[in-house]
Amino acid sequence: MPELPEVETVARQLEPLLSGRRLRRARLLDRRLGTPPVASLVGHQVERVFRLGKQVAFELSRRGRPRFMAVHLRMTGRLIWQDGRRRSPPDHKHLRARFDLDGGRLLFFDPRRFGTIAVVDTPEEIAPCGVDPLSAELTPGALAGLLRGSRQAIKAWLLRQDRLVGLGNIYACEILFRAGVAPDRAAGRLRRTDVERLHRALRDVLTRAIESCGTTFSDFQDARGVSGSYQRYLGVYAREGEPCPACGRPVRRIVQQQRSTFYCPGCQR
DNA sequence: GGGTACCTGAAA
DNA sequence: TTTCAGGTACCC
């Protein structure tokens, strides 16, 4: 569940569940995670949970000194809060890290093992360098400035985390569809009206997706896990051959950077 | 910039 | 058996 809306959803759900609880034990269960000093956070209290780019960030503190843990879900990571009274699930398959807090535990599952965990002293050390598409900073003019001079295809450009943070394959496709911009257009060649439509589409699609708690394909549900409903609104993603919801022409799939791009050749120019 | 690699599981 | 997957680090 790993693009901006899904990460935002996870952070919002965890925030009230974890805030104020003290960390009692922290265990990494997969060598691939390396050796972030999670044990040094034991005894700290969770102050807040928030999204930073595509990462779920935890601010913890002890005696007024803040520290931060950042979890990147990558492709298949999931963070699940489990109430203290409930027993651990019998199926601990893919459990990669476990954090015991007062009254419950935070479990990190990750089948593909691409996820990462970092422990740092300041949020700047976590922060990816791009602009958050939902921040007030990203005006249409600012977006035009970022795009200027780029010869990259706009679809590939939207995936660059050093320009905008948080977009992935699903939302890059959906945003271009909403904006009516063809995915192979050169990013720096978009006209002013294209940039304005792109800016609006960024806001509209992401805001709506967050309201829907993100997109979920595999439809498992868990007590406190996340299952979104934005897939209901997807216009083109994973809809190759189906009629475009706007014009009825079949949705087309192409490959850019070894990844699928879905678009409507009628609506996107 | 674009290709390749990193992992595992589900679906074709 | 092969292909595909919501991500990104690292190679030329």
Side-chain angles (χ1 to χ4, degrees), chain A residues 1-11 28-34 36 51-56 70-79 91-97 108-118 126-130 133 146-177 183-189 205-206 208-210 212-220 225-241 253-263:
Chain A
M1 48 196 84
E3 297 182 46
L4 186 154
E6 292 74 31
V7 178
E8 179 76 30
T9 299
V10 173
L28 301 175
L29 307 172
D30 182 358
R31 310 175 75 93
R32 199 162 203 286
L33 289 170
R51 176 183 64 80
L52 212 43
K54 284 182 191 171
Q55 308 202 52
V56 182
V71 176
H72 199 310
L73 273 19
R74 292 290 180 96
M75 298 283 269
T76 54
R78 296 168 66 208
L79 284 168
D91 185 11
H92 263 194
K93 204 174 168 189
H94 304 144
L95 181 63
R96 310 298 183 198
F108 177 54
F109 294 90
D110 187 14
R112 284 177 78 176
R113 305 168 69 202
F114 287 159
T116 61
I117 295 178
I126 306 169
C129 20
L146 290 171
L147 289 163
R148 194 163 298 134
S150 171
R151 297 197 296 179
Q152 207 166 19
I154 184 63
K155 160 70 181 336
W157 189 92
L158 288 174
L159 295 176
R160 295 181 57 164
Q161 304 297 300
D162 61 337
R163 293 297 186 268
L164 297 180
V165 224
L167 299 184
N169 211 32
I170 295 178
Y171 296 105
C173 292
E174 291 301 315
I175 286 162
L176 288 173
F177 172 62
D184 58 354
R185 298 264 308 273
R189 290 276 168 78
V205 169
L206 294 174
R208 185 114 191 231
I210 290 170
S212 307
C213 296
T215 303
T216 314
F217 280 129
S218 44
D219 55 356
F220 46 1
V226 178
S227 73
S229 58
Y230 189 75
Q231 59 274 19
R232 183 184 323 168
Y233 301 110
L234 294 177
V236 288
Y237 188 82
R239 296 203 186 291
E240 182 183 13
R253 171 182 179 268
I254 57 172
V255 174
Q256 293 179 289
Q257 302 187 133
Q258 289 85 243
R259 312 196 66 192
S260 293
T261 296
F262 300 90
Y263 73 104

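If you're wondering where the values come from, they're calculated on a predicted model, not measured in any experiment. Reminder, nothing fancy here: chain letters follow the sequence lines and each chain counts from 1.
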- Item | Lys/Arg-Asp/Glu bridge criterion (N-O < 4.0 Å) met for A:Asp30, A:Arg32 | no
- Round to a whole Å and report the spacing from CD1 of A:Ile254 to P of B:dG2. 12 Å
- For C:dG7, does OP1 or OP2 lie under 4.0 Å from any side-chain N or O of A:Arg259? yes
- Does A:Arg74 place a side-chain N or O at less than 4.0 Å from the phosphate oxygens OP1/OP2 of C:dA5? no
- Task: Drop me the distance from A:Thr76's OG1 to A:Arg113's CZ, to the nearest 0.5 angstrom.
- Result: 10.5 Å
- Message: For C:dG7 and A:His72 - does any side-chain N or O of the residue sit under 4.0 Å from the phosphate oxygens OP1/OP2?
- Response: no
- Message: So is the aromatic ring of A:Phe114 stacked onto the base of C:dT8, judging by whether the centres are under 5.5 Å apart and the planes are under 30° apart?
- Response: no
- Query: To the nearest angstrom, how far is A:Phe262 atom CZ from C:dC4 atom C1'?
  - Reply: 10 Å
- Between A:Ser260 and C:dA5, does any side-chain N or O lie under 4.0 Å from OP1 or OP2? yes
- Message: Please report the distance, rounded to the nearest Å, between CG in A:Leu206 and C1' in C:dG6.
- Response: 14 Å
- Query: Considering only the C1' atoms, how many Å lie between B:dG9 and C:dA9, rounded to the nearest integer?
  - Reply: 23 Å
- In whole angstroms, how far is the P atom of B:dC7 from the CZ atom of A:Phe108? 15 Å
- Watson-Crick or G-U wobble mate for C:dT3, both contacts under 3.5 Å: B:dA10
- Query: When you measure from the side chain of A:Arg32, which nucleotide among C:dG6, B:dC6, C:dT8 comes out closest?
  - Reply: B:dC6
- Query: Mapping A:Gln258 and A:Arg151 to their closest nucleotides on DNA chain B, which lands nearer the 5' end?
  - Reply: A:Arg151
- Rounded to the Å, how far apart are A:Glu3 CD and C:dG7 C1'? 9 Å
- Compare the minimum distances between each of C:dG7, C:dG6, B:dC7 and the side chain of A:Glu6, then state the nucleotide with the smallest one. C:dG6
- Look at A:His94 and B:dG9 and indicate whether a side-chain polar atom (N or O) is within less than 4.0 Å of OP1 or OP2. yes
- Item | Spacing of the P atoms in C:dT8 and B:dA10 (rounded, Å) | 23 Å
- Item | Whole-Å distance separating the CG atom of A:Asp184 from the P atom of B:dG1 | 16 Å
- Starting at the 5' end of DNA chain C and moving along, which residue's nearest nucleotide shows up first, A:Arg112 or A:Leu159? A:Arg112
- Send over the distance from A:Gln161 CD to C:dG7 C1', rounded to a whole Å. 8 Å
- Task: Identify the nucleotide, in any strand shown, that forms a Watson-Crick or G-U wobble pair with C:dC10, with both distances under 3.5 Å; if there is none, say none.
- Result: B:dG3
- Task: Rounded to whole angstrom, note down the C1' distance from C:dG6 over to B:dG1.
- Result: 23 Å
- Can you tell me if the side-chain N/O atoms of A:Lys93 get under 4.0 Å from OP1 or OP2 in B:dT8? no
- Item | A:Asp184 bridged to A:Lys155 by N-O distance under 4.0 Å | no
- Message: Just verifying a value: how many Å separate A:Leu4 CG and A:Glu6 CD, rounded to the nearest 0.5 Å?
- Response: 8.0 Å
- Message: On the six-membered ring of A:Phe262, is A:Arg239 placed so that its NZ or CZ lies under 6.0 angstrom from the centre and within 45° of the ring axis?
- Response: no
- Message: Without decimals, in angstroms, what is the distance between A:Gln152 CD and B:dG1 P?
- Response: 5 Å
- What about A:Tyr171 and A:Phe177, are their ring centers closer than 6.0 Å? no
